[in-house]
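Working notes, beginning with the structure itself.
Given the structure is predicted, the values throughout are model-derived calculations rather than measurements. First the proteins, then the strands, lettered A, B, ... as listed; each starts at 1.
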Amino acid sequence: MRICQNLKVSSNLGIPTRESNYADWYNELVVKADLADYSPVRGCMIIPPHGFALWENMQRALDDMIKETGHQNAYFPLLIPKSFFDKEADHVEGFAKECAVVTHHRLTKSADGKSLIPDPEAELEEPLIIRPTSETIIWNTYKKWIQSYRDLPILVNQWANVMRWELRTRLFLRTAEFLWQEGHTAHTTYEEADAEALTILHDVYSKFAEEWMAVPVFRGIKTKSETFAGASHSYCIEAMTQDLRAIQAGTSHHLGQNFAKAFDVQYQSAEGKLEYVYATSWGVSTRLIGTLIMAHSDDKGFVCPPKLAPIQVVFVPMGKAEGLEQTTAVAKDLAAQLKAKGIRVKVDDRAKESPGFKAKHWEMRGVCMRVDVGGRELEAGELGVSRRDEDEKQMVTTGSVVDHVTAQLAAMQGDLFTKALAFREANIHRIDTWDAFAKQFDGEGGGGFVLAHWDGTAETEEKIRELTKASIRCIPLNHEKPEDGQPGKCVLTGAPSQQRVVFAKAY
RNA sequence: CGGGGCGUAGCGCAGUUGGUAGCGCGCGUGUUUUGGGAACAUGAGGUCGCAGGUUCGAAUCCUGUCGCCCCGACCA
């Protein structure tokens, strides 16, 4: 089955440049870096071992942080009774249009005997929904778990797949099925729930994005129109892509008492009164991989921050006959030393591929560092070590390779963040006139982040979106410059504004 | 759902007065190679998306149908 025939692949090697076609650059990179592939079902993706190893690394770090902040993992079912969705009106409104529905439990031969059809005899009495998110099934369960204030708070997370029948999909950025974690907590007070939502935003998501993914993010609160269906308010982190758009990398919602009321979850307080609980939910998904690619990668392929890279160092032994045996032995020895220090290494001792082929191969796949081990190097006692995010190769004495690599991996992690931060800085604009604002978002492509004043009304927000395709990504919680938090006048209407908000074209 | 494009080998494509399918890459084998995507030789691989129809004969013409990609509406 041919799925991406519009992708005009120039050859089986290489990818388009970001400059020539950013969208194709991304699409081809994802596939050629072995991060994901198309599947026979539209919008679903196959994640091969290399891509999954990356996800596992992300998962592991996030899972540790989630547990560190007091949460436990649990698992709830994939299938949810349709009736559960009838209970929270806004939530239904938000998800009804994109639900996959299970209606039968058996297949049978069609009349002509040539194919299988759902057996009319086996239609379910109540259709089941493949979870688009798990609030409803979880709140139905929490009703059983919560009787007393002594049962609170409940701090639970689950790693799962969910399905949303998206009309237009893109590998990692928007797939019909995706992997994620979803946290669901219950609390006695509004303030405690808000503190929870903010803990996740600051201590987990923002920290993970910046310290592990090396992607700087804006933390903020969503406007009413961008708030999660069924939430009281939503917090988010927003990153900038290399084509100057915004990408929502994570969300943390304060659900108020909406779900508690919809699912009748009350507890008896210390004073003996019945009270509805307050709730949060929060999630990050495989979209983070798309964010990672868009933040750091280049025209040679994937660039991955060392903390998350499936392979951090690859050794390429060179030479022929005894020479090759010798270089391979040296490579394996150094690799073992690095592995002992917890570094993820690979020795590419494939016989048929040339060193040049191997260099390109691993560059495409985002290996952070490469060590060339050749006869010349061994004679000189220096090996060629290159970093994925730098052009030049360093000559390093064999004995100091392990220390050098260890130091450079740490340096690369920091440098990627610094570079991404500088890029974002260079593409943030503080704009106070409508003409300049409109001009900034004119034409195709993104316009970076525009920090501008907004009068706080949904009408103005919508109007600006219609005129420029830029939307309010968030109302920042912490400002880059103190003056961004000062009052001003709306860039469109001139009405009073409390602070600047982040405008951008979004993924 | 609207507009556009397209279904031929694993991938990218060619193939019209209708005559039973080809190229490049990749893949197997062998030899020579290997310092930034090696070369030659040899071989394997396709009921031309599916279903009808026209015809002596259909990848090609007709009808229907399914699917995919891009742009839009919707969305993490």
Side-chain angles (χ1 to χ4, degrees), chain A residues 1-15 21 23-24 27-28 31-32 37-43 93-99 112 114-115 132-133 162-182 205 222 225-229 234 236-239 246-253 281-291 300-301 316-321 323-324 327 348-364 370 372-377 383-384 386 391 393 444 466 469 471 473 506-507:
Chain A
M1 181 167 300
R2 301 168 63 238
I3 295 188
C4 46
Q5 66 252 15
N6 273 19
L7 292 185
K8 301 301 170 208
V9 179
S10 46
S11 73
N12 284 340
L13 309 165
I15 51 178
N21 189 332
D24 281 352
N27 291 340
E28 290 195 37
V31 173
K32 288 185 173 164
D37 203 353
Y38 296 91
S39 85
V41 177
R42 187 190 64 81
E93 180 72 17
F95 287 104
K97 287 170 287 187
E98 49 189 40
C99 285
D112 63 10
K114 286 180 180 170
S115 62
T133 179
V162 289
M163 173 155 267
R164 299 178 188 176
W165 210 266
E166 299 288 351
L167 298 177
R168 285 190 60 197
T169 59
R170 249 181 124 191
L171 293 176
F172 290 126
L173 297 178
R174 178 164 289 105
T175 44
E177 180 191 10
F178 56 92
L179 308 181
W180 76 344
Q181 58 70 216
E182 47 179 326
Y205 291 166
K222 285 293 188 189
S225 72
E226 300 265 344
T227 297
F228 177 72
S234 294
C236 65
I237 53 172
E238 297 278 337
I247 184 162
Q248 180 174 306
T251 48
S252 180
H253 313 290
S281 73
W282 28 275
V284 292
S285 71
T286 36
R287 184 181 234 206
L288 287 177
I289 297 178
T291 305
K300 293 187 285 191
V316 179
M318 293 179 280
K320 36 187 145 182
L324 182 60
T327 55
D348 188 352
D349 56 1
R350 287 178 292 178
K352 285 206 69 168
E353 281 71 21
S354 68
F357 179 93
K358 290 174 182 176
K360 301 273 189 192
H361 180 90
W362 296 114
E363 273 165 3
M364 180 65 74
R370 192 185 73 249
D372 296 328
V373 188
R376 275 185 231 156
E377 279 88 345
L383 304 186
S386 30
D391 290 330
K393 187 189 283 193
E444 292 302 308
E466 276 173 27
K469 290 189 176 171
S471 54
R473 302 323 304 153
Y507 268 101

Distance check needed: [N] [atom2] versus [X] [atom1], whole Å only.
X: A/Arg370; N: B/G36; atom1: CZ; atom2: P; value: 10 Å
X: A/Arg170; N: B/C68; atom1: CZ; atom2: P; value: 18 Å
X: A/Asp372; N: B/G35; atom1: CG; atom2: P; value: 11 Å
X: A/Arg350; N: B/U34; atom1: CZ; atom2: C1'; value: 13 Å
X: A/Asp391; N: B/G36; atom1: CG; atom2: C1'; value: 13 Å
X: A/Lys358; N: B/G37; atom1: NZ; atom2: P; value: 14 Å
X: A/Asp24; N: B/C11; atom1: CG; atom2: P; value: 18 Å
X: A/Glu28; N: B/C11; atom1: CD; atom2: C1'; value: 11 Å

Just to be sure I understand the rule, does [X] reach a base, reach only the sugar-phosphate, or reach nothing, if contact means heavy atoms closer than 4.0 Å?
X: A/Ala23; answer: nothing
X: A/Ile247; answer: nothing
X: A/Thr291; answer: nothing
X: A/Phe228; answer: nothing
X: A/Gly375; answer: base

Quick one: pull up CG in A/Leu173 and OG1 in A/Thr286 and give me the separation to the nearest 0.5 Å.
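Rounded to the nearest 0.5 Å, the CG-OG1 separation comes out at 9.5 Å.
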Rounded distance (nearest 0.5 Å) linking atom NZ of A/Lys358 with atom CE of A/Met318:
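It comes to 9.0 Å.
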For the [atom1] atoms, the ones on [N] and on [M], what distance do you get once it is rounded to whole angstrom?
N: B/C70; M: B/G64; atom1: C1'; answer: 25 Å
N: B/A58; M: B/G2; atom1: P; answer: 34 Å
N: B/A59; M: B/U47; atom1: C1'; answer: 12 Å
N: B/U42; M: B/U54; atom1: C1'; answer: 44 Å
N: B/C13; M: B/U8; atom1: P; answer: 9 Å
N: B/U60; M: B/G37; atom1: P; answer: 43 Å
N: B/G4; M: B/C40; atom1: P; answer: 45 Å
N: B/C25; M: B/A9; atom1: C1'; answer: 12 Å

Distance-minimising heavy-atom pair for A/Asn27 and A/Arg170
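Residues A/Asn27 and A/Arg170, closest heavy atoms: OD1-NE, 3.4 Å.
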Heavy-atom closest pair, residues A/Val284 and A/Gln181:
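Smallest heavy-atom distance, with atoms named: N-OE1, 2.9 Å.
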Is there, by distance only and without an angle test, a donor paired with an acceptor across the side chain of A/Glu353 and the base of B/G37 below 3.5 Å?
no
Quick test of your reading of the model: are A/Arg473 and A/Glu238 salt-bridged, counting only N-O distances below 4.0 Å?
yes
Do the side-chain N and O atoms of A/Ser234 and A/His253 include a donor-acceptor pair separated by under 3.5 angstrom?
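A/Ser234 vs A/His253: donor-acceptor pair found between side chains.
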Could you check A/Gly384 against A/Arg473 and say which one's nearest nucleotide on RNA chain B is further toward the 5' end?
A/Gly384
Of the listed B/C68, B/G36, B/G35, the closest approach to the A/Arg42 side chain comes from B/C68
Dump the pairs, protein N or O against N or O of nucleotides 38-43 of chain B, anything under 3.5 Å, distances to one decimal.
unit_1, atom_1, unit_2, atom_2, d
B/A38, OP2, A/Ser354, OG, 2.8

Are the side chains of A/Phe95 and A/Thr133 in touch, meaning some heavy atoms are under 4.5 Å apart?
yes
Side chains of A/Trp165 and A/Lys97: closer than 4.5 Å at any heavy-atom pair?
no
Counting Watson-Crick and G-U wobble pairs only, both distances under 3.5 Å, name the nucleotide matched with [N], or none.
N: B/C61; result: B/G53
N: B/U42; result: B/G28
N: B/U33; result: none
N: B/G7; result: B/C66

My understanding is that only residues two or more places apart in sequence, or in another chain, count here; which of them pass side-chain hydrogen bond (donor to acceptor under 3.5 Å, both in side chains) with A/Lys360?
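Not a single residue meets the side-chain hydrogen bond (donor to acceptor under 3.5 Å, both in side chains) criterion with A/Lys360.
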Would you confirm whether A/Thr175, through its side chain, and A/Phe172, through its main-chain N or O, come within 3.5 Å as a donor-acceptor pair?
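No, the answer is negative, given that no donor and acceptor are paired below the 3.5 Å cut-off.
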Under 3.5 Å, is there a donor-acceptor pair between the side chain of A/Arg164 and the main chain of A/Glu98?
no
Anything under 30° is parallel, anything over 60° is perpendicular, the rest tilted; go ahead and classify A/Phe178 against A/Trp180.
perpendicular
Might you list the N or O atoms of the protein lying below 3.5 Å from N or O atoms in nucleotides 72-74 of chain B, with each pair's distance?
unit_1, atom_1, unit_2, atom_2, d
B/G72, OP2, A/Arg168, NH1, 3.0

